[in-house]
Amino acid sequence: MTTAPSIPTAANALTGKRRVAFASFVDENYLPGFLTLLRSLALSNPSVCEDFLVLHDGLRTDSIARIRALHPRVSFRQVDAAHYDGYAKGDQDNYLVRKAYFILDVFRVRDYDTVITLDTDMVVLGDLGELLELRDGLAAVPQFFYGQHKLNSGLLVIQRDYLSDAFCAKLDEVGRKGSYELDKHDQGILNAVLDGGFLHLDARYNFVKRRLSGDLPVPDDTAILHFTGRHKPWQGGEAGYGQAEDRWHAYELSEAEFHDAYLSLPGAKHHDLLVHYGTPHVRRTGDVETARRVASAHIGAGEYQEAVDLLGGIRIPVDEGWAHEVLGHALMSVSRYGEARTELMLATAAPNRAATSFGRLAQIAWIHGDDTAAAEYALDGLGVDPTHRANRLMYKRTTSAKQAAEGAPAEQLAHVAFYMEQQGNAGDKLLPESVRLAFDRDTGPARWHSVHAHRLFDEAALERVNARRGLVIGGGGLFIPDTAPNGNSGWQWNVPDALLERIDVPVMVYAVGFNAFDGQAYGRSRDRFLSSLRKLVERSAFFGLRNHGSIEKVRDLLPAGLRDKVRFQPCPTTVTRQTTAGWTDPAERENTVLVNAAYDRAGLRFGHDYGHFLGEMATAVKGLGAHAEVKCVAHSLDDERIAFDLRREHGISLPVIPMYDFDNDAIRDTYARTKLVIGMRGHAGMIPFGCGTPIISLISHPKMAYFLADIERPEWGISVHDRHLGARLVERAAGMLSDHAAAVADVHGRQQELWKVTEANAADLRVILGGRTV
């Protein structure tokens with residue numbers, strides 16, 4: 001590990017998360033059909049919003065604008081007809097022949113793992129979830145009239161294996177030979193290449209109009225209705241298909257009608273669609289309830305300023321408690337605390353929002369260091385709802401026994417960290433102590449002054465820090481926009497630039513991670529984050545990040561003159577055996593395998609593949625049971641979900657270890673005594689590794705791959721999206737368990753390399769601290 005590992009830049013290349021897109025070929029004549037298709041897709045699948053590729057051979061600017069108004073993630077690609085020179089194409093002006101270009105051109109797409117094609121003469125009437133979950137081969141509905149071995153290409157679900165140069169070469173070979181049926185137009189070449197070798201979908205996914213001749217009703221389970229034939233509904237239609245065409249005309253809506261229809265749908269809605277349709281609706285109508293829903297969607301995606309702008313731009317009646325509460329939440333997230341208090345006090349008058357509003361008021365008071373007021377607000381919230389978890393935790397936090405008396409400031413280091421309470425994330429609970437152990441064996445208040453990262457760093461805090469010998473910031477994934485949102489820094493430490501610049505003791509950033517998920521961005525807070533990050537690097541005497549992936553991300557955000565200040569400092573949890581006083585490896589281990597799964601930001605982790613993941617984990621648990629007892633280890637309460645879901649969906653029962661209730665010694669002891677940990681959380685890998693225990697990482701976040709790259713063991717990780725996740729987990733786990741001594745020795749060897757880096761950095765830190773640690 002003398003050189004930085006090579007790490008792919010694309011997050012999905014690390015996590016294996018499937019990129020999914022819809023695609024259609026559109027021209028001006030078929031534009032009315034495509035616009036109706038887009039409306040039907042949104043109204044029948046309101047929680048689905050994948051990228052949509054529009055392939056075309058020339059669209060007007062106003063047509064492109066109309067398409068963009070209906071879909072927030074649309075992109076346009078012009079078909080290159082030169083690909084098909086020499087093909088036996090017949091009439092070059094025939095739309096169906098031109099559409100054949102699209103059917104072939106879509107196989108040249110390389111940006112996605114799954115592409116679902118939809119014809120512009122289709123309407124979507126039902127749930128497409130089954131199509132989005134498909135992961136293998138090429139799927140289509142067999143032709144109704146021409147034999148079951150041929151497909152109707154209006155609906156194709158194409159996986160990565162077919163989005164390849166090799167498959168395109170086969171299409172080109174058949175196309176130039178002309179050895180296909182010209183009268184079948186776009187299906188001809190594809191059918192000739194596949195020769196029936198495709199996954200057959202139920203007819204309801206491409207239900208052709210001709211099956212309804214005689215004005216038959218559309219079957220209730222139809223998911224996609226396809227208006228094949230020459231006569232299209234927007235061109236006047238065709239006699240004998242009245243009930244089918246009524247279904248198409250139901251989606252022929254004006255912009256306002258469409259927005260109203262979408263917003264009135266029950267159930268979950270995709271963030272992008274809700275924002276895309278709800279924002280113009282709010283601007284047109286001033287509707288408070290829609291504004292509240294759209295603002296809540298912004299907050300859920302970490303778009304706090306966008307939520308403030310939307311809700312703050314309309315008049316909210318005094319008695320609209322929920323809207324006031326959401327605006328208050330958004331305002332406190334951008335550090336406009338005074339305005340947030342006003343909105344939240346108004347919201348406390350609404351019985352169904354009072355508990356949450358009091359909880360947010362308590363949070364604001366705590367952020368400002370007023371534990372007394374925070375406890376009072378939390379108690380008010382519990383008076384409204386005695387079961388309210390956030391208020392209960394805040395009341396306990398602000399009324400529990402105070403910290404033991406600190407030592408002399410001149411003998412202390414200040415330590416900015418996320419200090420997790422009981423029943424919090426086990427990894428975050430262990431981190432502050434692990435950082436301190438890397439500096440000194442004494443981790444208590446005699447040597448350390450705690451500064452909670454989420455509390456406002458004000459003049460009093462600055463004075464306390466400057467009275468110490470230095471300031472340590474870390475560890476953990478502090479560079480993330482939504483764990484503790486604030487408008488002062490844009491990351492977890494709530495520090496204004498002006499106060500950061502006035503810290504006059506050595507600043508040591510230690511083992512911090514860049515923790516953004518695949519698909520997560522900083523949005524409007526990006527400039528605030530960049531400014532804070534640059535000032536932090538400028539001010540730091542030591543700036544160490546916990547993996548090379550984070551180093552690359554952060555260096556890309558810095559001006560050239562600051563990039564060399566960023567160095568590698570492994571997470572101290574990974575060298576626990578070296579830093580923990582009196583550590584001894586267990587003489588014997590329990591014959592157990594501990595499995596951890598994480599569910600925060602589940603959509604970013606799993607995409608459409610959670611059902612696949614759960615099924616594969618069921619396979620893995622059954623297979624692993626032949627080698628050891630399998631248990632669920634929960635770093636947080638939410639982590640227990642895998643045990644519930646496996647029981648409900650697959651009839652598998654797992655004992656649960658509630659690690660969120662453990663103290664630090666119990667966390668280390670539990671991980672040291674097991675034989676193998678299969679974990680999805682970063683610290684469900686790093687902590688057991690640091691305790692000398694073999695690990696396999698379930699990769700749903702780039703940081704897992706970053707760590708494995710740093711220790712030169714990428715084979716210890718498997719994507720949660722892997723097609724054969726269950727079998728591969730069993731195979732790799734069995735190998736580690738069968739020669740466990742060798743697996744442990746390998747962990748020890750990898751750990752020793754990280755310890756060398758940590759010791760070298762410690763020498764530099766001693767110089768910074770005047771020859772001493774703490």
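Values in this document were obtained by computation on a predicted structure and should not be read as measured data. Side chains are part of it too, since the values below use all heavy atoms of this structure and drop only hydrogens, waters and symmetry mates.
Residues Leu273 and Val48 have side chains not in contact (no heavy-atom distance under 4.5 Å, counting atoms from C-beta outward). Side-chain contact between Leu725 and Thr619 is absent, with no heavy-atom pair separated by less than 4.5 Å. You'll find the side chain of Val141 stays beyond 4.5 Å of the side chain of Asp202, heavy atoms only. At least one side-chain heavy atom of Glu238 sits less than 4.5 Å from a side-chain heavy atom of Lys209.
Shown here for Gly237 and Glu245, the closest heavy-atom pair between the two residues is CA-OE2, 3.2 Å. When every heavy atom of Gln159 is checked against every heavy atom of Leu134, the shortest pair comes out as NE2-O, 3.0 Å. Of all heavy-atom pairs spanning Gly623 and Val730, the tightest one is CA-CG2, 3.9 Å. Residue Ala244 comes nearest to Leu225 through the heavy atom pair O-CD2, 3.8 Å, listed as atom of the first residue, atom of the second, then distance. Closest of all the heavy-atom pairs between Asn45 and Gly126 is ND2-O, 2.9 Å. Residues Gly679 and Met704 come closest through the heavy atom pair O-CE, 3.5 Å.
Classified by interplanar angle (parallel below 30°, tilted 30° to 60°, perpendicular above 60°), the ring pair Tyr277/Phe258 is perpendicular.
In this structure, a donor-acceptor pair under 3.5 Å is present between the side chains of Ser550 and Asn547. Asp27 and His56 are not linked by any side-chain donor-acceptor pair at a separation below 3.5 angstrom, with hydrogens and angles left out of the test. Remark: the Tyr205 side chain and the Glu130 side chain contain an N/O donor-acceptor pair separated by less than 3.5 Å. A donor and an acceptor atom, one from each side chain of His298 and Glu303, are located under 3.5 Å apart. In summary, the side chains of Asp195 and His149 do not present any donor paired with an acceptor at a separation below 3.5 Å, with no hydrogens or angles considered. Side chains of Thr114 and Arg18: a donor on one and an acceptor on the other come within 3.5 Å. A side-chain donor-acceptor contact under 3.5 Å links Asp645 and Tyr610. Under the 3.5 Å distance criterion, with hydrogens and angles disregarded, no donor-acceptor pair is assigned to the side chains of His724 and Glu616.
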Item to check | Residue pair Glu28, Arg60: steps toward the salt bridge (Lys or Arg N to Asp or Glu O under 4.0 Å) verdict | outcome: CA-CA 8 Å; Glu28 293 294 342; Arg60 297 194 304 261; 3.5 Å; yes

Checklist entry - Going through the checks in order, is the side-chain contact (heavy atoms from CB on, under 4.5 Å) test met by Asn596 and Leu698? => result CA-CA 9 Å; Asn596 164 265; Leu698 296 169; over 6 Å; no

Next on the checklist: Using salt bridge (Lys or Arg N to Asp or Glu O under 4.0 Å), reason through Asp172 and Arg108 one step at a time and then give a plain yes or no.
Outcome noted: CA-CA 11 Å; Asp172 288 342; Arg108 302 183 190 280; 3.0 Å; yes

Checklist entry - Given Asp609 and Arg19, is the salt bridge (Lys or Arg N to Asp or Glu O under 4.0 Å) satisfied, shown in steps? => result CA-CA 11 Å; Asp609 290 344; Arg19 298 162 298 178; over 6 Å; no

Item to check | Candidate pair Leu646 and Leu614, rule side-chain contact (heavy atoms from CB on, under 4.5 Å), full reasoning | outcome: CA-CA 7 Å; Leu646 284 173; Leu614 192 66; 3.8 Å; yes

Item to check | side-chain contact (heavy atoms from CB on, under 4.5 Å) assessment of Arg39 paired with Leu253 | outcome: CA-CA 8 Å; Arg39 295 187 202 100; Leu253 305 168; 4.3 Å; yes

Next on the checklist: Evaluate Leu151 against Gln143 for side-chain contact (heavy atoms from CB on, under 4.5 Å), listing each step before the verdict.
Outcome noted: CA-CA 5 Å; Leu151 59 79; Gln143 288 183 6; 5.6 Å; no

Next on the checklist: Evaluate Arg77 against Asp111 for salt bridge (Lys or Arg N to Asp or Glu O under 4.0 Å), listing each step before the verdict.
Outcome noted: CA-CA 12 Å; Arg77 303 187 185 189; Asp111 311 273; 2.7 Å; yes

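With His701 contributing its side chain and Lys703 its backbone, the two residues share a donor-acceptor pair below 3.5 Å. In this structure, the side chain of Ser719 engages the main chain of Thr15 through a donor-acceptor pair within 3.5 Å. A donor-acceptor pair is defined here as one N or O able to donate and one able to accept, closer than 3.5 Å; no such pair exists between the side chain of Arg732 and the backbone of Trp716. Side-chain atoms of Thr279 never come within 3.5 Å of backbone atoms of His276 as a donor-acceptor pair (strictly under, hydrogens ignored). Of the possible polar contacts, none joining the Ser24 side chain to the Thr120 backbone as a donor-acceptor pair under 3.5 Å is found. A donor-acceptor pair is defined here as one N or O able to donate and one able to accept, closer than 3.5 Å; no such pair exists between the side chain of Arg210 and the backbone of Thr228. In this structure a side-chain-to-backbone donor-acceptor pair under 3.5 Å is present from His612 to Asp722. Remark: the backbone N or O of Pro32 is paired with a side-chain donor or acceptor of Thr36 at under 3.5 angstrom. Checked by atom type and distance alone, the side chain of Ser40 pairs as donor or acceptor with a backbone atom of Val124 at under 3.5 Å. At least one donor-acceptor pair closer than 3.5 Å links the side chain of Asp215 to the backbone N or O of Gln243.
Residues that satisfy the ring-ring contact (aromatic ring centres under 6.0 Å, His included) test with Tyr241, not counting sequence neighbours, are absent from this structure. For the ring-ring contact (aromatic ring centres under 6.0 Å, His included) test, residues two or more places apart in sequence or in another chain that qualify with Phe167 are Phe107, Tyr162.
Separating the CG atom in Leu70 from the CZ atom in Arg68 is a distance of 12.5 Å, to the nearest 0.5 Å. The structure places CG of Leu118 at 11.0 Å from CG of Leu53, a figure rounded to the nearest 0.5 Å. Expressed to the nearest 0.5 Å, how far CG of Leu55 lies from CZ of Phe25 amounts to 8.0 Å. Considering CG of Asn206 and CD1 of Ile224, their distance stands at 6.5 Å, rounded to 0.5 Å. The CG atom of Asp57 lies 8.0 Å from the CG atom of Leu59; values are rounded to the nearest 0.5 Å.
Of the candidates Glu252, His71, Arg66, Leu35 forms a side chain to side chain contact (heavy atoms under 4.5 Å, CB included) with just one, namely Arg66. Of the candidates Phe52, Tyr251, Trp234, Phe52 is the only one forming a ring-ring contact (aromatic ring centres under 6.0 Å, His included) with Phe34.
Taking a cutoff of 4.0 Å between a charged side-chain nitrogen and a carboxylate oxygen, Lys17 and Asp113 do not qualify as a salt bridge.
Heavy atoms from other residues, nucleotides or ligands lying under 6.0 Å from CZ of Arg247 number 12 at most.
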